[in-house]
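One structure is given here, and the rest of the page talks about it.
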There are 4 protein chains.
Amino acid sequence: MADHGIARDQLRAFIERIERLEEEKKAIADDIKEVYAEAKGSGFDTKVMRQIVRIRKQDRNERAEQEAILDLYMHALGMADAGSQSEYDEAAE
Amino acid sequence: MADHGIARDQLRAFIERIERLEEEKKAIADDIKEVYAEAKGSGFDTKVMRQIVRIRKQDRNERAEQEAILDLYMHALGMADAGSQSEYDEAAE
Amino acid sequence: MADHGIARDQLRAFIERIERLEEEKKAIADDIKEVYAEAKGSGFDTKVMRQIVRIRKQDRNERAEQEAILDLYMHALGMADAGSQSEYDEAAE
Amino acid sequence: MADHGIARDQLRAFIERIERLEEEKKAIADDIKEVYAEAKGSGFDTKVMRQIVRIRKQDRNERAEQEAILDLYMHALGMADAGSQSEYDEAAE
DNA sequence: TCCCTGATAGCGTCGC
DNA sequence: GCGACGCTATCAGGGA
């Protein structure tokens with residue numbers, strides 16, 4: 001039974017951490033809204049702004065995908081890419 | 001009561017159309033799987049293939065977004081774009 | 001080097017087949033959307049409709065599973081099933 | 001023309017603030033994912049956890065709504081509510 | 001106020 | 001069999 005108690009506490013802790021993080025996330029989402037509202041107040045068209053944000057994001061993603069596919073090719077060809085091994089070492093694989 | 005009967009038949013018809021279409025959709029999804037499987041059988045790396053397909057799609061989307069944002073600017077500036085009214089006429093809007 | 005050229009063409013063919021199929025899939029997905037939109041225009045609640053579709057699908061899956069189990073038993077008993085009336089008969093509904 | 005330059009800078013500033021905030025938002029979303037992953041590693045069922053989180057959120061929303069209604073009555077009766085102990089006290093749970 | 005679009009979360013699939 | 005990724009469906013916010 002003690003185990004259940006422990007598990008319960010652990011679960012509770014996880015849940016609370018998540019809820020705390022979700023609060024933060026929501027706070028930020030609200031901040032974003034505020035910025036759009038402020039921009040609108042300054043005469044900008046939020047629709048256009050959203051599109052700009054979206055397209056810039058796409059650009060970044062595109063670049064990321066390009067890199068990803070390059071890596072993929074390299075591996076497919078049995079060539080590990082030296083350099084850019086940042087953050088994790090795949091040599092072990 | 002007759003109304004309910006009519007509505008029921010109408011609803012039934014809609015549901016069946018949807019289910020039929022979903023069957024077709026699934027059939028195509030299966031076809032896609034088959035193609036990947038076949039390619040794999042020919043020695044291709046499906047992961048790479050999926051990436052290629054994805055990136056090509058992104059390219060197309062990017063172009064579409066570019067056009068969309070252009071349109072948006074044009075409208076924001078009060079300039080309807082003459083031409084490119086292909087497929088549907090926005091004049092009515 | 002010729003090999004690479006061949007592989008390249010083959011790959012290209014696979015990619016194009018996939019892209020063609022994905023287009024078709026998307027077209028059908030759009031058709032489905034249209035049907036929902038039309039139903040909505042006729043006063044139906046699409047949320048409810050989606051639930052109906054989902055439930056009916058589950059039912060079919062359950063039936064399929066039941067049949068699968070039956071088949072399993074039949075084979076375990078050394079009895080091949082003679083046809084099992086393909087696709088099931090909806091007349092009864 | 002100077003105006004356009006100013007507007008441009010202003011727009012740029014808004015866009016960058018938004019992008020910065022979206023990065024933060026994403027970072028938090030990733031943190032949440034990590035917590036779920038960690039919980040999973042401790043043997044918890046994340047699907048159940050997500051349900052718990054969702055339900056507790058609903059509960060909070062309901063409580064908030066109840067309070068809102070209460071406030072409404074209070075105001076209708078010309079009685080301002082004195083503070084209403086902001087944010088609710090979780091000690092009782 | 002309603003509709004539509006975009007964002008998010010859950011599900012299923014694929015690969016390891 | 002497990003874990004990760006992509007896709008789909010649902011929900012919420014913004015605009016008309």
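A note on names: the letters A, B, ... follow the listed sequences, proteins ahead of strands, and every chain is numbered from 1. Just so we're clear, the structure is a prediction, and the values are computed from it rather than from any experiment.
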Chi angles and distances behind the salt bridge (charged side-chain N to carboxylate O under 4.0 Å, His left out) call for A:Lys26, A:Asp30: CA-CA 6 Å; A:Lys26 183 167 191 322; A:Asp30 290 345; 3.2 Å; yes

[X] has an atom [atom1]; how far is it from atom [atom2] of [N], in whole Å?
{"X": "A:Arg50", "N": "E:dA7", "atom1": "CZ", "atom2": "P", "value": "8 Å"}
{"X": "A:Lys47", "N": "E:dA7", "atom1": "NZ", "atom2": "P", "value": "13 Å"}
{"X": "D:Ile18", "N": "F:dG14", "atom1": "CD1", "atom2": "P", "value": "12 Å"}
{"X": "B:Ile28", "N": "F:dT8", "atom1": "CD1", "atom2": "C1'", "value": "16 Å"}
{"X": "C:Ile55", "N": "F:dA9", "atom1": "CD1", "atom2": "P", "value": "16 Å"}
{"X": "A:Tyr36", "N": "E:dA7", "atom1": "OH", "atom2": "P", "value": "8 Å"}
{"X": "C:Asp45", "N": "E:dC3", "atom1": "CG", "atom2": "P", "value": "12 Å"}
{"X": "A:Met49", "N": "E:dG6", "atom1": "CE", "atom2": "C1'", "value": "16 Å"}

Checking side chain to side chain contact (heavy atoms under 4.5 Å, CB included) for the pair B:Tyr73/A:Ile52: CA distance, chi angles, key distance, verdict? CA-CA 11 Å; B:Tyr73 279 129; A:Ile52 292 171; 3.4 Å; yes

By nearest nucleotide on DNA chain F, pick out whichever of B:Lys57 and A:Lys26 is the more 5' one. B:Lys57

Closest to the 5' end of DNA chain F, once B:Gln51 and C:Gln51 are matched to their nearest nucleotides, is B:Gln51

Selection from [options] that lies nearest to any side-chain heavy atom of [X]:
{"X": "D:Lys25", "options": "F:dT8, E:dT8, F:dG14", "result": "E:dT8"}
{"X": "C:Arg54", "options": "E:dA9, F:dT10, F:dG3", "result": "F:dT10"}
{"X": "B:Lys40", "options": "E:dC4, F:dT10, E:dG15", "result": "E:dG15"}

Residues A:Glu19, D:Arg60: salt bridge by 4.0 Å N-O rule: yes

Mind running side chain to side chain contact (heavy atoms under 4.5 Å, CB included) on D:Leu21 and D:Lys25 for me, showing each step along the way? CA-CA 6 Å; D:Leu21 287 166; D:Lys25 186 151 77 90; over 6 Å; no

Return whichever of B:Lys33 or D:Glu22 has its heavy-atom-nearest nucleotide of DNA chain E closer to the 5' end. D:Glu22

Can a side chain N or O of A:Thr46 be found less than 4.0 Å away from OP1 or OP2 on F:dG14? no

Heavy-atom pair of closest approach, residues B:Lys47 and A:Leu72: O-CD2, 3.9 Å

